Colleague: 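If you scroll down you'll find the structure; I have some questions about it.
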Amino acid sequence: MKLRGLYAITDSQLLAGKFLAYVEAALEGGVTLLQYRDKSSDEARRLREAEALRNLCERYKTQLIINDDAELAARLGVGVHLGQTDGPLAPVRALLGHKAIVGATCHASLALAEQAASEGATYVAFGRFFNSNTKPGAPSANLELLEQAHLKLHIPMCAIGGITLDNAAPLVAHGVDLLAVVHGLFGADSTTEVTRRARAFNELLLIK
Ligand SMILES: Cc1ncc(COP(=O)(O)OP(=O)(O)O)c(N)n1
Ligand SMILES: Cc1nc(C(=O)O)sc1CCOP(=O)(O)O
Ligand SMILES: [Mg+2]
């Protein structure tokens, strides 16, 4: 089955004190992929939180993806997301096996996306499409790129960077399968609002 839907990404600062409650609220509204993104070097906390997320994801039949850390992903038996400076993709594909989800950041480059696909990426991520609170300095991408990529690629396309319910529709209209969101989902002021937003993103993607 083709990967399509809301791709929720955690943020340790934004979710401080409400981490599992907000993640569960998102899962309740429907999440296709959940990425654990923690840029700290606190290995023990990372393992603890990732295990807690894996348990939650099992309950909601959501796929867990670990950002950056293929060894942690292998230890937990889940997927991984790699950026351009996170090491080569092919050995990670070999480590995790052919069924694992391995995503690749491709910024605004179709060439990087074609290379990632040839090395075994499950999906490619383009961005950032809008101003991002989480990663303001990320290189920017545009809708024209999506049009070209949609014609050339045979794996799901993910869009990231400043995505909200108000600006996501053109991305979907240009062939995006996965909407990757931090603030536009978890920047809500209640769990009820997180669930509502998750449901609304799924409606945009025509997913029930
Ligand atoms: C779905 C998705 N797309 C892009 C990124 C960014 O990855 P990267 O460039 O490695 O930057 P960091 O997230 O590691 O700071 C992502 N994490 N997820
Ligand atoms: C982690 C990340 N990577 C990006 C890229 O363009 O590669 S943008 C980004 C942050 C996404 O968070 P928000 O939805 O809050 O903008
Ligand atoms: Mg990375």
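No experiment lies behind these values; they were computed from the predicted model shown. Start at 1 and go down the list; that is how both ligands and their atoms are numbered. We use all heavy atoms of the structure for the numbers below, so side chains are in, but hydrogens, waters and symmetry mates are not.
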Colleague: Select the closest option to atom 12 (P) of ligand 1 among Gln35, Lys39, Arg128, judged by heavy-atom distance.
Modeller: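 Result: the heavy atom closest to atom 12 (P) of ligand 1 is in Lys39.
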Colleague: So for Lys135, does at least one of its heavy atoms come nearer than 4.0 angstrom to any atom of ligand 1?
Modeller: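 Yes, Lys135 has heavy atoms under 4.0 Å from ligand 1.
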Colleague: Would you say the side chains of Thr164 and Arg197 form a donor-acceptor pair under 3.5 Å?
Modeller: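 No.
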Colleague: Quick one: pull up CZ in Arg75 and CD1 in Ile66 and give me the separation to the nearest 0.5 Å.
Modeller: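 Here the rounded value is 11.5 Å.
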Colleague: Quick one: look at Thr85 and ligand 1, take heavy-atom pairs under 4.0 Å, and tell me if it's side chain, backbone, both or neither.
Modeller: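 For Thr85, no heavy atom sits under 4.0 Å from ligand 1.
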Colleague: What are the atom names and distances for all N or O pairs under 3.5 Å between ligand 2 and the protein?
Modeller:
from	atom 1	to	atom 2	distance (Å)
ligand 2	6 (O)	Arg128	N	3.1
ligand 2	12 (O)	Thr134	OG1	3.2
ligand 2	14 (O)	Val182	N	3.0
ligand 2	15 (O)	Thr134	OG1	2.5
ligand 2	15 (O)	His183	N	3.0
ligand 2	16 (O)	Ser132	OG	2.6
ligand 2	16 (O)	Gly162	N	2.7

Colleague: Under 4.0 Å from any heavy atom of Thr105, which atoms of ligand 1 are there?
Modeller: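 With Thr105 as reference, the close atoms of ligand 1 come out as 4 (C), 5 (C), 6 (C), 7 (O), 8 (P), 9 (O).
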Colleague: Roughly how far, to the nearest 0.5 Å, is the CD atom of Glu71 from the CD atom of Glu43?
Modeller: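 Nearest 0.5 Å value for the CD-CD distance: 9.5 Å.
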Colleague: Which ligand 1 atoms, with their elements, are less than 4.0 angstrom from a heavy-atom of Arg37?
Modeller: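 By the 4.0 Å cutoff, the relevant atoms are 12 (P), 13 (O), 15 (O).
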Colleague: Looking at Ala125, which atoms of ligand 1 are within less than 4.0 Å of one of its heavy atoms?
Modeller: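 Reading through ligand 1 atom by atom, the close ones are 3 (N).
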Colleague: Quick one: nearest non-hydrogen protein atom to atom 2 (C) of ligand 1, plus distance?
Modeller: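 Protein heavy atom at minimum distance: His81 CE1, 3.3 Å.
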Colleague: One residue to check: Asp86. Relative to ligand 1, which of side chain, backbone, both or neither has a non-hydrogen atom less than 4.0 Å away?
Modeller: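 Just the side chain.
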Colleague: For atom 1 (C) of ligand 1, find the nearest protein heavy atom and state the residue, atom name and distance (0.1 Å precision).
Modeller: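 For this ligand atom, the closest protein heavy atom is Tyr7 CE1, 3.5 Å.
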